[in-house]
Number of protein chains: 2
Amino acid sequence: MSSQNPKRAILEQFAAVARALGSAHRLDLLELLAQTERSVEELAGLTGLTIANASQHLQQLRRSGLVEGRREGKRVIYRLTDSEIVALLGSLRRVAERNVAAVEKVLNGYFRQRDKLEPVSRKELLRRMRDGLVTVVDARPLDEFAAGHLPGAISLPPRQLKRRLRELPADQEIVAYCRGPYCVLSYEVVAELRARGFTAFRLEDGYPEWKAAGLPVENSSPA
Amino acid sequence: MSSQNPKRAILEQFAAVARALGSAHRLDLLELLAQTERSVEELAGLTGLTIANASQHLQQLRRSGLVEGRREGKRVIYRLTDSEIVALLGSLRRVAERNVAAVEKVLNGYFRQRDKLEPVSRKELLRRMRDGLVTVVDARPLDEFAAGHLPGAISLPPRQLKRRLRELPADQEIVAYCRGPYCVLSYEVVAELRARGFTAFRLEDGYPEWKAAGLPVENSSPA
DNA sequence: CAAAGATTCAATTAACCTCTTGAATAAAGT
DNA sequence: ACTTTATTCAAGAGGTTAATTGAATCTTTG
């Protein structure tokens with residue numbers, strides 16, 4: 001069959017992309033890049049990799065077409081080539097979640113309260129935002145907030161929470177979000193707020209999923 | 001941060017699933033299993049792997065939670081654990097298609113007529129099926145047809161096409177489908193039918209995507 | 001043009017994956 | 001119980017990938 005050779009070549013390309021995803025460090029890098037573009041140095045610092053090692057992983061991701069880099073002065077800034085990649089990571093997550101028992105085990109061990117915090121869906125949040133019924137809190141670090149966030153969101157990383165409690169409305173529902181489903185920042189914020197008597201919920205997923213879904217975002221300092 | 005350890009463990013699990021997808025042979029196996037469950041021997045035959053090798057790849061897929069096997073007499077029958085896996089493969093395909101230039105090259109080389117054949121969407125086909133405006137042709141091998149197919153579809157692999165032309169309506173549109181976007185069977189059928197004056201189109205994607213979308217399917221020999 | 005900073009390249013070693021081969025199970029038929 | 005058939009296990013050669021180190025490249029700044 002003449003279909004065998006080109007099919008084989010295509011599958012080989014798919015497999016190469018899958019192999020690029022087949023390393024925890026590279027998934028970590030991709031997750032960070034799903035938040036915002038970054039330089040090699042920043043990425044190395046955030047992931048705990050040496051610079052040379054981060055650079056090599058990034059190049060591997062680039063060879064597979066998942067990220068692209070541009071030079072900007074002394075630095076090279078990397079970003080995802082495509083928001084479809086967020087969908088791919090989400091799909092990978094769902095399959096791993098459903099199928100791999102070990103993931104459940106870790107989740108149950110660490111995110112014990114996971115189910116108690118009843119996350120709010122994107123659709124639901126959007127509706128409540130339109131009705132002005134909700135205060136949206138971004139629990140990520142400042143620089144990620146600056147690079148893009150949900151419209152009207154307040155930047156409030158866990159460390160600043162205690163001294164900025166009075167900025168928050170006591171009579172209105174609060175929804176917090178962060179990087180994505182395995183980011184703990186919004187869990188921390190919600191737990192803390194609830195402990196202090198606020199009505200707080202988590203957004204399901206995080207900023208990259210929101211953006212990838214084509215929902216509106218806002219930039220505080222348009223670079 | 002206490003979030004680093006469990007996060008690392010989770011990413012490692014995701015990476016393990018991605019690594020399981022990182023081999024053309026395993027993707028080939030998964031594509032076959034997306035059609036229907038099969039024994040090790042069948043899978044080895046269809047992919048051209050030795051039996052021992054196919055067995056090892058299948059076990060790797062099983063360890064990652066992507067397939068499961070059950071003993072049935074002398075044979076072990078493998079199948080996908082979950083239709084979400086079809087979505088993951090689709091997502092992988094879309095990313096690879098958009099990003100990897102080499103894939104485009106192969107596609108243009110082999111599926112030259114790809115664009116000329118204007119595929120019909122699932123939604124569109126469903127509408128035309130309801131209105132009774134269309135004859136649906138399944139271009140896959142007989143056994144895959146028997147394991148499940150679109151409602152009312154006629155099994156018509158390319159080899160049987162010439163001697164069964166008179167079964168087809170000359171005055172009605174024909175839509176052919178096969179295994180998925182990189183399966184050539186439906187291309188062959190459509191090209192042949194058009195050459196003989198029929199009005200024929202391809203369905204976008206194939207049977208596994210149809211089934212995974214929750215659309216109705218039919219079994220000819222309920223096993 | 002020299003110096004410093006950011007990133008990449010090159011070379012090394014260790015770890016891992018792939019395919020093959022032949023032996024070991026497991027179930028069914030004789 | 002023995003043979004056959006289908007699958008899995010175990011071991012080894014060959015190749016690929018990962019992390020580390022130090023040198024090389026490219027860009028801005030003095």
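In what follows, every chain begins at residue 1, and chains take the letters A, B, ... in the order their sequences are listed.
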* For the pair A:E37 and A:R70, find out whether any cationic side-chain nitrogen is under 4.0 Å from an anionic carboxylate oxygen. => yes

* May I have the distance from A:L49 (atom CG) to C:dT8 (atom P), rounded to whole angstrom? => 14 Å

* Structure fact -> The nucleotide from C:dC9, C:dT7, D:dT17 with an atom nearest the side chain of A:V76 is C:dT7

* To do: Find the distance B:R75:CZ to D:dT8:C1' and express it as a whole number of Å.
  => 16 Å

* Are the side chains of A:L193 and A:L165 in touch, meaning some heavy atoms are under 4.5 Å apart? -> yes

* To the nearest angstrom, how far is B:I51 atom CD1 from C:dT18 atom C1'? -> 18 Å

* Would you kindly give the NE2-to-C1' distance between A:H25 and C:dA15, to the nearest whole Å? => 15 Å

* To do: Just call it for B:R26: base, sugar-phosphate, or nothing, with non-hydrogen atoms closer than 4.0 Å on any strand.
  => sugar-phosphate

* Output the single nucleotide from D:dA18, D:dT20, D:dT27 whose closest atom is nearest the side chain of A:R71. => D:dT27

* Asked: C:dC17 P sits how many Å from A:R19 CZ, rounded?
  -> 12 Å

* Whole-Å distance separating the CZ atom of B:R70 from the P atom of D:dA6 -> 17 Å

* To do: Give a yes/no answer on whether the side chain of A:S55 brings an N or O atom under 4.0 Å of OP1 or OP2 in C:dT7.
  => no

* To do: Look at all strands and tell whether A:Q56 reaches a base, only sugar-phosphate, or nothing, counting heavy atoms closer than 4.0 Å.
  => base

* **Out of C:dA27, C:dC19, C:dC9, whichever nucleotide has its closest atom nearest the side chain of B:N53** => C:dC19

* Would you mind telling me which residue lines up with the more 5' stretch of DNA chain D, A:K74 or B:S39, judged by nearest nucleotide? => B:S39

* Interatomic distance, A:L61 CG vs D:dA18 P [rounded to whole Å] -> 10 Å

* Asked: Do any side-chain nitrogens or oxygens of A:H57 fall under 4.0 Å of OP1 or OP2 in D:dT17?
  -> no

* Taking side chain as C-beta onward, heavy atoms only, is A:L125 less than 4.5 Å from A:Y177? -> no

* Asked: Going by an N to O cut-off under 4.0 Å, is there a salt bridge joining A:E144 and A:R179?
  -> yes

* Rounded distance in Å - CD1 (B:I77) to P (D:dT5) -> 18 Å

* Asked: Charged N to carboxylate O below 4.0 Å: is that the case for A:R19 and A:E12?
  -> yes

* **B:Y78 side chain, from C-beta outward: closest of D:dT8, D:dT28, D:dT17** => D:dT8

* To do: Looking only at side-chain atoms of A:Q59, point me to the closest of C:dT7, C:dT18, C:dC9.
  => C:dC9

